[in-house]
Amino acid sequence: MMLLEIKGLTKQYKLGEALFSAVEQVDLSIDKGDFISIIGRSGSGKSTFLNMLAGLLNPTAGSVELDGMDIYSLKEQEISRLRNTRLGYIPQGSCALSSLTVFDNVRLPFFLSKRQGDSAGRAAYLLEQVGISHLAEQFPSQLSGGELRRVLIARALMNEPDLLIADEPTSDLDVETTREIMELFGRIHQSGTAILLVTHELDTLEFGNRVLTMASGRLTQGVHISSVNTSQINSVPKNQ
Ligand SMILES: Nc1ncnc2c1ncn2[C@@H]1O[C@H](COP(=O)(O)OP(=O)(O)O)[C@@H](O)[C@H]1O
Ligand SMILES: [Mg+2]
């Protein structure tokens, strides 16, 4: 079943006198069962694209349809409500609120959209799912980088989104922790949540059912090595 239908999505910025397209004419259909990875160099337009999908940045042209309705035809408040209830978005570099415990960080989206139900029960369940139940009463400053990512993932799942969107969720993590976080995304996908991940690294590509490459604002099918960060390839130790 179709979840999101993106057509001709474009974002232009002024560069001196000229216009340049950070995102140019992107078409993409996201299905309920998808786990999509988008790779591409820094500056290729990935975050701009995700921000438009999440209803946070007005496109210059094109549309983002959720259930057949263009979200940008809606009022600001209605877009926020959709974002809070249908999408789980983990923006690039997002962090947990330092004054709240892990448990309360996870519950936050529930209170933002004023829903009915057992938020404490759901938060406890999610902490268990992401493997950090024992850290519920800790504060973010007491956690490791990998543990913090788990908090952000649990928080994004709080309102049972149809689609979980994450922007470079494994950046700055070591290889082992990256693998654990990717396996976690795999389990979330298995349990029925569609996933859209953006990365500039290659080591996450074995996860997911579709890989796309973003280059100069354009999205194409498949992996194009010339369009990604090859530092990892270069850093592989050479045989003596
Ligand atoms: N608010 C903005 N104003 C002008 N240019 C921007 C703005 N936001 C992003 N850009 C430019 O758009 C391009 C794509 O940026 P971004 O989407 O952040 O790339 P990525 O996430 O792939 O690293 C970059 O050249 C960036 O400098
Ligand atoms: Mg980015």
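Taken to the nearest 0.5 Å, the OG atom of S98 stands 11.5 Å off from the CD atom of Q142. Rounding to the nearest 0.5 angstrom, the gap separating the CG atom in L212 from the NZ atom in K46 is 13.0 Å. We find the OG1-CD distance between T10 and Q25 to be 4.0 Å, quoted to the nearest 0.5 Å. Interatomic distance, OH of Y13 versus OG1 of T48, reported as 5.0 Å (0.5 Å rounding). Here the CG-CG distance, from N159 to L87, works out to 11.0 Å after rounding to the nearest 0.5 Å.
Within the 4.5 Å cutoff, the side chain of Y89 has heavy atoms near those of the L56 side chain. You'll find the side chain of S63 stays beyond 4.5 Å of the side chain of L9, heavy atoms only. Side-chain contact between I38 and L197 is absent, with no heavy-atom pair separated by less than 4.5 Å.
Contacts classified as salt bridge (Lys or Arg N to Asp or Glu O under 4.0 Å) and involving residues 184-200 (residues at least two apart or in different chains) are not found.
Evaluation of the side-chain hydrogen bond (donor to acceptor under 3.5 Å, both in side chains) rule for E180 yields R150 as partners, not counting sequence neighbours. With sequence neighbours left out, S216 forms a side chain to side chain contact (heavy atoms under 4.5 Å, CB included) with no residue at all. By the ring-ring contact (aromatic ring centres under 6.0 Å, His included) test, F35 pairs with H189, sequence neighbours left out. Scanning for side chain to side chain contact (heavy atoms under 4.5 Å, CB included) contacts around L66 gives L4, I71, L82, R86, with sequence neighbours left out.
The hydrophobic cluster containing I153 does not contain I165, counting ILVMFWY residues as joined when their side-chain heavy atoms lie under 4.5 angstrom apart, directly or transitively.
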Review item, side-chain donor-acceptor pairs of residues 169-177, under 3.5 Å, at least two apart:
unit_1, atom_1, unit_2, atom_2, d
S171, OG, E168, O, 3.1
D174, OD1, E176, N, 3.1
D174, OD1, T177, N, 2.8
D174, OD1, T177, OG1, 2.9
D174, OD2, T177, OG1, 2.9

